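Just so it is clear, the model here is predicted, and its values are computed rather than measured. By convention in this document, chain letters (A, B, ...) are assigned in the order of the sequence lines, proteins followed by strands, and residues within each chain are numbered from 1.
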Number of protein chains: 2
Amino acid sequence: MKIAIAGYGNLGRGVESAVKQNPDMELCAVFTRRDPASVSIMTPDVPVLPMQSIAEYEGQFDVVVICGGSATDLPVMTPQIVKHFNVVDSFDTHARIPEHIANVHNAAKASGHTAIVSAGWDPGMFSLARVFAQACLPEGESYTFWGPGVSQGHSDAIRRIEGVLDARQYTIPVDAALEAVRSGENPVLTTRQKHTRDCYVVAQEGADLARIEREIKEMPNYFDEYDTTVTFITAQEMLEKHSAMMHGGFVIRSGQTALGDRHVIEYSLKLESNPQFTSSILTACARAAARMCARGEDGCYTMPELRPVDLLPQSLDEIRAHMI
Amino acid sequence: MKIAIAGYGNLGRGVESAVKQNPDMELCAVFTRRDPASVSIMTPDVPVLPMQSIAEYEGQFDVVVICGGSATDLPVMTPQIVKHFNVVDSFDTHARIPEHIANVHNAAKASGHTAIVSAGWDPGMFSLARVFAQACLPEGESYTFWGPGVSQGHSDAIRRIEGVLDARQYTIPVDAALEAVRSGENPVLTTRQKHTRDCYVVAQEGADLARIEREIKEMPNYFDEYDTTVTFITAQEMLEKHSAMMHGGFVIRSGQTALGDRHVIEYSLKLESNPQFTSSILTACARAAARMCARGEDGCYTMPELRPVDLLPQSLDEIRAHMI
């Protein structure tokens, strides 16, 4: 299976390394919007090519894994690239997923390609956990908790405050809320009761720390509805203690079957590297996209619309004998 | 969607009640091998009919959920009934699943019906957890733990010992083993290190308790490889404290992505009633079987071969907007 990567940041590097764990796959090219000569990748003998030339390679790769941001990159890149290739992306702006699917679907159908969008762990594995839990327990409540882990968007928001040189924001699920959900009580939880936000900030020398702390804690949408702590640290401490991109979370559903028995379903992830794990899932989805296109299943799909066995290199006989 | 039930024990009653939680479904008939006049069901106005007449009703139900035992019932019933209807079963003898699939597949293909076999939580949801975890982390180790919960097979084995009136066996996962797996150490665990077996036994008056205890603990395959405790109780205690059919378990995979970051994936269930929860899943699979047959996807499938969205009554648009 011939794989190309479009976009070479943390995710692109993740897909590049994930391909090595999948012996049925081969990395054939990396496309970048930067000057290709300035991009050095980990795999020898794989060409780095200009993004604008990607259409010229039509027919040469089975799947292009698009590794861009959801805010501005993927809404443009995915509908463009699917005109020429099967694609996978990790579009994760939940509210805009239906719109993104519609855009990609039309382009995919017109060209006979298969797109798998919003792949990763949330959306992705957590979407699957929500779908399965709902199917097992039609009457109940589902809860999603994130963390402990670094939120890139919230870290960026802090960095935009005047006087801030660097920042790292950890989203932390509240233990008491997790326990209440696991107990099967189906609690009603406010935003504040579910997660806290811990911020580590490197400030400019002489900056007004009280003002920075206040601006963080009062920032609408990002922090004002949460219990937030702000800790000022040195650039050295940031480097030593906060470079890991750990993340994870929990999807829990509790509910009852029709005679009143109560049940709790829990799916959880504990990840040392968010982009490495996400990329590993994108790579498995690339396999599914190629198989679906080969079967004539063109158009745009999300992970709960795929047959799970299509994610694995093992044959159906092997899966039935050893994994069922 | 018109549902019939073949076999009316704990599972059959579970499907009967689960249908009430699924507004797109209607229970149309219950088939039994007992004298139908002797079987009273919970739903008014639904006929109880003799099992041997089931073929006469061909065309009248969308799906028959077959609620029989895996040892002798399902290997015969499922390939027979699929000649006339779409079917779902919970065949759970792991080693014989490929053989069961082959038998059912031929009959299903010949008649153009869809069968979903080995549905439930293990096999079923736990099979899915193993397939997804393997897809996310190709390099790693998967572990399945069962319990705390009642094992029917082990309880039956104790009841066959001379001098035993009643018995209940609980399978208990060993906390230290669970913690070692969750820590990501990928431990090598023996059977004894993963689970213990707690037995509650009602003995005949005057029975040799020491002999009964020894026979249990030394029973090959069932108990000899486990740390087993035996507690003798009264019939009254058995009724009061050990009537619940609680169960559950854990599927955990830990592994690393290609740059060495470590990740842990965990799926767990805590169930107050094993048959009620299993039945709820069988009922969701009935929906998928009907849809697949309508699309011309006949033959025999297991849960990781289905599109997850086919388990839900919600439309694809609704799922994409609210659950991805």
Could you tell me which non-hydrogen atom of A:Cys136 sits nearest to which non-hydrogen atom of B:Ser280, and how far apart they are? O-OG, 2.5 Å
Name the region of A:Asp122, side chain, backbone, both or neither, that has any atom closer than 4.5 Å to a heavy atom of chain B. side chain
Does any non-hydrogen side-chain atom of A:Val131 lie less than 4.5 Å from one of B:Leu311? no
Where B:Leu306 and A:Pro308 come nearest, the two heavy atoms and their spacing: O-CD, 3.1 Å
Under 4.5 Å from any heavy atom of chain B, what part of A:Met246 do you find: side chain, backbone, both or neither? neither
Under 4.5 Å, counting heavy-atom pairs only, tell me which of B:Arg307, B:Arg130, B:Gln21, B:Met323 racks up the most with chain A. B:Gln21
Check step by step if side chain to side chain contact (heavy atoms under 4.5 Å, CB included) holds for B:Tyr267 and A:Val251. CA-CA 10 Å; B:Tyr267 181 75; A:Val251 174; over 6 Å; no
Can you tell which of B:Ser279, B:Pro313, B:Pro138, B:Ala284 has the highest number of heavy-atom pairs within less than 4.5 Å of chain A? B:Pro138
From the list B:Ile281, B:Ile252, B:Leu269, the residue making the most non-hydrogen contacts under 4.5 Å with chain A is B:Leu269
Considering all heavy atoms, the nearest A:Glu305-B:Val309 contact: CG-CG1, 4.0 Å
Side chain, backbone, both or neither: which part of A:Leu128 has a heavy atom under 4.5 Å from chain B? side chain
For a salt bridge (Lys or Arg N to Asp or Glu O under 4.0 Å) check, start with the C-alpha distance between A:Lys270 and B:Glu266, then their side-chain angles and the critical distance, and finish with the verdict. CA-CA 9 Å; A:Lys270 206 168 69 188; B:Glu266 177 165 346; over 6 Å; no
For the residue pair B:Gln256 and A:Gln276, establish whether any side-chain heavy-atom pair is separated by less than 4.5 Å. no
From B:Ile265 atom CD1 to A:Leu271 atom CG, the distance as rounded to the nearest 0.5 Å: 8.0 Å
Residue part contacting chain A, namely of B:Leu316, when any heavy atom lies under 4.5 Å: side chain
Between B:Leu137 and A:Phe277, does the side chain to side chain contact (heavy atoms under 4.5 Å, CB included) criterion hold? Intermediate values first, please. CA-CA 8 Å; B:Leu137 289 176; A:Phe277 189 75; 4.0 Å; yes
Sub-4.5 Å side-chain heavy-atom contact between B:Pro304 and A:Ile324: yes
So for B:Ile319, is it side chain, backbone, both, or neither that comes closer than 4.5 Å to the heavy atoms of chain A? side chain
Closest approach of B:Pro98 and A:Ala321, non-hydrogen atoms and distance? CG-CA, 3.9 Å
For a 4.5 angstrom cut-off between non-hydrogen side-chain atoms, does A:Leu259 reach B:Met42? yes
Nearest heavy-atom contact between A:Ala258 and B:Ser17 is CB-O, 3.2 Å
A:Gln134, A:Arg96, A:His94: which one forms the most heavy-atom pairs within less than 4.5 Å of chain B? A:Gln134
Contact part of A:Ser273 toward chain B, heavy-atom cut-off under 4.5 Å: side chain, backbone, both or neither? both
Side chain from CB out, backbone as N, CA, C, O: work out which of these in B:Asn22 comes under 4.5 Å of a heavy atom of chain A, or both, or neither. side chain
Nearest atoms (heavy-atom pairs only) where A:Tyr301 meets B:Arg320: CA-NH2, 4.5 Å
